[in-house]
**Q** 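This is the structure I have questions about; it appears just below.
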There are 2 protein chains.
Amino acid sequence: MSDITPPARCGDLFASGCPSREVLKHVTSRWGLLILVALRMGTHRFSELRRRIDGVSEKMLAQTLQWLEGDGFVLRVSYPEVPPRVEYSLTDAGIEVSERVAALALWIEADLPRVLAVRRRQHEAG
Amino acid sequence: MSDITPPARCGDLFASGCPSREVLKHVTSRWGLLILVALRMGTHRFSELRRRIDGVSEKMLAQTLQWLEGDGFVLRVSYPEVPPRVEYSLTDAGIEVSERVAALALWIEADLPRVLAVRRRQHEAG
DNA sequence: CAGCATCCAAGAAGATACTG
DNA sequence: CAGTATCTTCTTGGATGCTG
């Protein structure tokens with residue numbers, strides 16, 4: 001290809017103008033993280049994700065999936081059937097982020113007892 | 001101690017009622033992640049963090065620091081001086097989350113060129 | 001300097017109804 | 001089933017002014 005690709009340096013999350021902040025926002029959004037973790041177990045349909053991720057609305061699930069698709073983390077495959085079927089899966093990049101994201105999620109889940117203990121102590125101390 | 005400690009099982013982020021969602025929210029909040037990463041390089045004063053984290057307001061910095069302190073990730077030490085000086089650092093738990101969080105942040109920064117390329121391709125195809 | 005209180009705007013999120 | 005469109009509600013976040 002002959003197009004003159006721009007520098008494409010690495011991002012800097014500490015700089016307010018850097019586009020990497022957008023990506024971070026999508027990945028760490030309320031539902032983005034849970035979607036990425038859920039998709040680690042394989043391809044899922046829209047309604048499967050909806051059931052798996054307790055509390056998410058149709059609208060936010062669709063929107064967040066579109067964000068993640070736009071960043072190249074999620075692959076959306078639509079089958080021309082009736083009734084319609086759409087399957088979501090992770091791209092290679094998606095697998096990589098989801099590893100980092102899952103590591104964080106699992107750690108937080110495992111750490112919960114400590115947080116609760118800290119909170120109780122603070123509550124008692126007033 | 002004689003207090004009957006409750007089960008304190010691990011959290012489940014997929015359950016909407018689980019308190020671990022709160023912790024996740026604090027850690028992955030707009031500024032929470034950047035604060036944790038910034039504090040990995042050692043103790044910082046309030047104003048230092050403010051300068052380091054481009055775009056954060058005083059209010060949100062203070063609020064997010066309080067969240068992280070409440071979860072036991074950040075230690076706040078106030079010196080009784082004039083003018084006042086307050087120093088923030090990571091607790092042991094804070095060091096552990098920050099490792100996961102930093103891994104994610106660094107990966108996203110490094111991955112930015114790919115995201116930008118994907119976006120351009122979609123824009124052209126658009 | 002650190003940070004709280006107040007007010008206000010912007011955006012996220014939910015409920016509902018509708019479409020291919 | 002897998003969404004979109006619309007409306008409404010709530011939360012996030014920023015600006016400002018004030019205090020110890």
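Chain letters run A, B, ... following the sequence lines, proteins first and then strands; every chain starts at 1. None of these values were measured; they are calculated from a predicted model.
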**Q** Applying side chain to side chain contact (heavy atoms under 4.5 Å, CB included), name anything that partners B:Val82, two or more places apart in sequence or on another chain.
**A**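 With sequence neighbours excluded, B:Val82 shows a side chain to side chain contact (heavy atoms under 4.5 Å, CB included) to no residue whatsoever.
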**Q** Within the distance-only criterion (no hydrogens, no angle test), does the side chain of A:Thr64 pair as donor or acceptor with the backbone N or O of A:Trp31 below 3.5 angstrom?
**A** no
**Q** Which one, D:dA15, D:dA2, C:dC4, comes nearest to the side chain of A:Arg76?
**A** D:dA2
**Q** What is the nucleic acid contact for A:Tyr88, judged by heavy atoms within less than 4.0 Å: base, sugar-phosphate only, or nothing?
**A**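 Sugar-phosphate only.
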**Q** Short question: side chain of A:Arg21, backbone of A:Leu13 - any donor-acceptor pair under 3.5 Å?
**A**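 Here the side-chain-to-backbone pair exists.
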**Q** Which residues within residues 38-49 of chain B lie with some heavy atom under 4.0 Å of an atom in DNA chain D?
**A**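 Contacting residues: none.
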**Q** Could you tell me the separation between the NE2 atom of A:His26 and the P atom of C:dG11, rounded to a whole number of Å?
**A** 13 Å
**Q** Between B:Arg85 and B:Tyr79, is there a donor-acceptor pair closer than 3.5 Å when you use the side chain of the first and the backbone of the second?
**A** no
**Q** Are any side-chain N or O atoms of A:Arg40 and backbone N or O atoms of A:Leu36, one a donor and one an acceptor, separated by less than 3.5 Å?
**A** no
**Q** Shorter than 3.5 Å, N or O on both sides, protein versus nucleotides 10-12 of chain D: list them out with atom names.
**A**
from, atom 1, to, atom 2, distance (Å)
D:dT12, OP1, B:Lys25, NZ, 2.7

**Q** B:Gln66 near the nucleic acid: base, sugar-phosphate alone, or nothing, with a heavy-atom cut-off under 4.0 Å?
**A** sugar-phosphate
**Q** For the pair B:Asp71 (side chain) and B:Phe73 (backbone), establish whether a donor and an acceptor sit closer than 3.5 Å, ignoring hydrogens and angles.
**A**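 No, the answer is negative, given that no donor and acceptor are paired below the 3.5 Å cut-off.
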**Q** Between A:Ser29 and B:Ala62, name the one whose nearest nucleotide on DNA chain C is closer to the 5' end.
**A** B:Ala62
**Q** Between atom CH2 in B:Trp31 and atom C1' in D:dG14, what is the gap in whole Å?
**A**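 Nearest whole value for this atom pair: 10 Å.
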**Q** Out of curiosity, B:Ser29 OG to B:Leu34 CG, how far, rounded to the nearest 0.5 Å?
**A**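 Answer for the OG-CG pair, B:Ser29 versus B:Leu34, is 9.0 Å.
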**Q** Keeping B:Glu48 on the side-chain end and B:Arg45 on the backbone end, is there a donor-acceptor pair under 3.5 Å?
**A**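 Checking the backbone N and O of B:Arg45 against the side chain of B:Glu48, a donor-acceptor pair under 3.5 Å is found.
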**Q** Given atom CD of B:Glu58 and atom P of C:dA5, what is their separation to the nearest angstrom?
**A**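 Interatomic distance, CD of B:Glu58 to P of C:dA5: 14 Å.
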**Q** Which whole-number value in Å describes the distance from B:Ile35 CD1 to C:dG3 C1'?
**A** 14 Å
**Q** Give the rounded distance in Å between these two atoms: NZ of A:Lys59 and C1' of D:dT6.
**A**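 Taking NZ of A:Lys59 and C1' of D:dT6, I get 9 Å after rounding.
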**Q** Do any N or O atoms from the side chain of B:Ser20 and from the backbone of A:Glu109 form a donor-acceptor pair under 3.5 angstrom?
**A** no
**Q** Looking at residues at least two apart in the chain, or sitting in another chain, which of them share a side-chain hydrogen bond (donor to acceptor under 3.5 Å, both in side chains) with A:His44?
**A**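 side-chain hydrogen bond (donor to acceptor under 3.5 Å, both in side chains) list for A:His44, sorted by chain: empty.
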**Q** OH of B:Tyr79 versus P of C:dA2: gap in Å, rounded?
**A** 12 Å
**Q** Write down the distance between CG (A:Leu61) and P (C:dA15), rounded to a whole number of angstrom.
**A** 14 Å
**Q** Find the bend of the helix from C:dC1-D:dG20 to C:dG20-D:dC1 as the angle between its two terminal axes (five pairs each), to the nearest 10°.
**A**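 One end's axis against the other's: 50°.
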**Q** Can I get a per-line list of side-chain donor-acceptor pairs under 3.5 Å for residues 52-62 of chain A, giving both atom names and the distance, sequence neighbours left out?
**A**
from, atom 1, to, atom 2, distance (Å)
A:Asp54, OD2, B:Ser16, N, 3.0
A:Asp54, OD2, B:Ser16, OG, 2.8
A:Ser57, OG, A:Met60, N, 3.2

